[in-house]
2 protein chains.
Amino acid sequence: MTGDDEFAIAPDWLDGETKALEAPHDHRAELRLWLRLLTCSTLVESEVRRRLREEFDSTLPRFDLMAQLERAPDGMVLGEVSRRMMVSPGNITVLVERLTESGHLSRATLPTDRRVQIIALTAFGRAEFEKMAARHADWISDLFAGLAPADGGVLMDELAKLKRSVIASLARGA
Amino acid sequence: MTGDDEFAIAPDWLDGETKALEAPHDHRAELRLWLRLLTCSTLVESEVRRRLREEFDSTLPRFDLMAQLERAPDGMVLGEVSRRMMVSPGNITVLVERLTESGHLSRATLPTDRRVQIIALTAFGRAEFEKMAARHADWISDLFAGLAPADGGVLMDELAKLKRSVIASLARGA
DNA sequence: CGGAGAAACTTCAAGCTTAAAATTGTTTTT
DNA sequence: AAAAACAATTTTAAGCTTGAAGTTTCTCCG
């Protein structure tokens, strides 16, 4: 799923008009696009993970979890965190355990519904997160620095279209 | 690192000319772009994982490994696989163990250099992979179906620029 | 030749991730 | 007010991933 070998085949979409005449199921163009997308995100993600570990002895999931909590000063329900991060609930349980042990998070049971756990950043956790977030923004800025502002805008728009396409397909499948 | 909340702030690059006058380190635009990129690739990747599991009781790493081997009929050295997949060598060891047990892969020690392991798809492995690859191509095609061919082309180009930017940044940092 | 060093891989410890099963607690039906 | 259904989490088993440390096997220089 990684690699993006780029073996110089002309993409189909250069001549969309002849497309209907081609082999019935030629999915090469989409596959190449997907591979390139994945390569980009893998490159960035690995670098972010590496730096979080080196500079903060932390991990991306922990950073993400704290990022979700940052804009919820009154805390957030576990299930909501799980949905927003798009990971399984069991995953959150483990992350929260560790971040609570290390003093970054506080947790409390909702008195009116004792099934519900609410977590929030502690003052310490917030301070740590802010340090990490500032560096994180610098890293991303560096990695994207070679992209002209106009290209960034185009990419934003095209990715929005892709996202819509993917979500529509997932909805059809469900 | 996931989510892409889209809280409707006008991107910086809409007016690149005033950029120099803004706050010294406003990285919001890049962050938003990164988040959106990550959202797209996470959505696609999760769906592919889910279907590999449901339809083939397999996983993405296994599929990727077999994909690398597919175009190397004479087999490939472990280290080369590791580099192409951009994962750690120790990772490949484990994957190869399991795929060899299940009969998908054969492995052999190079006689002239007994440190080197060469792996290749077995006939069974190749047949299994071809089934998976065909379905995989269909899934991606579906997920990307809502993207017009012209948009696909633009996205290819813009992602190429982003990839260059990231690689350049990584090279600077090294 | 003989050892230093490099190369290819494996092992290890720790952490992330998921789906499915199990718990605990609440709500809705009879 | 049981019973059944539903909800929020946690637990469990299995697999992926990494960096670092360890092993085996070459290679090369003196």
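Within every chain, numbering begins at 1; the chains are lettered A, B, ... in the order of the sequence lines, protein sequences first and strands thereafter.
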Does [X] reach the main-chain N or O of [Y] with its side chain, forming a donor-acceptor pair under 3.5 Å?
X         : Y         : value
Thr122(A) : Gly103(A) : yes
Ser169(A) : Ser165(A) : no
Ser141(B) : Ala137(B) : no

Could you give the [atom1]-to-[atom2] distance, from [X] to [N], as a whole number of Å?
X         : N       : atom1 : atom2 : value
Arg114(A) : dT27(C) : CZ    : P     : 11 Å
Arg115(B) : dT25(D) : CZ    : P     : 10 Å
Arg83(A)  : dA7(D)  : CZ    : P     : 11 Å
Leu110(A) : dT9(D)  : CG    : C1'   : 14 Å
Arg51(B)  : dA19(C) : CZ    : C1'   : 18 Å

Closest nucleotide of DNA chain C for Pro111(A) versus for Ile118(B): which of these residues is on the 5' side?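 Comparing both residues, the 5'-ward one is Ile118(B).
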Parallel, tilted or perpendicular for Trp139(A) and Phe56(A), by the 30°/60° rule?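 Geometry flag for Phe56(A) against Trp139(A): tilted rings.
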Base-contact (B) and sugar-phosphate-only (S) positions in nucleotides 10-22 of chain D, heavy-atom cut-off under 4.0 Å, - elsewhere: BB---SSSBS---
Give a yes or no on whether a salt bridge exists between Glu101(A) and Arg98(A), defined as a side-chain N under 4.0 angstrom from a carboxylate O. no
Among pairs that include at least one residue of residues 83-104 of chain B, which meet ring pair (Phe, Tyr, Trp, His ring centres under 6.0 Å), considering only residues two or more places apart or in two chains? His104(B)-Phe124(B)
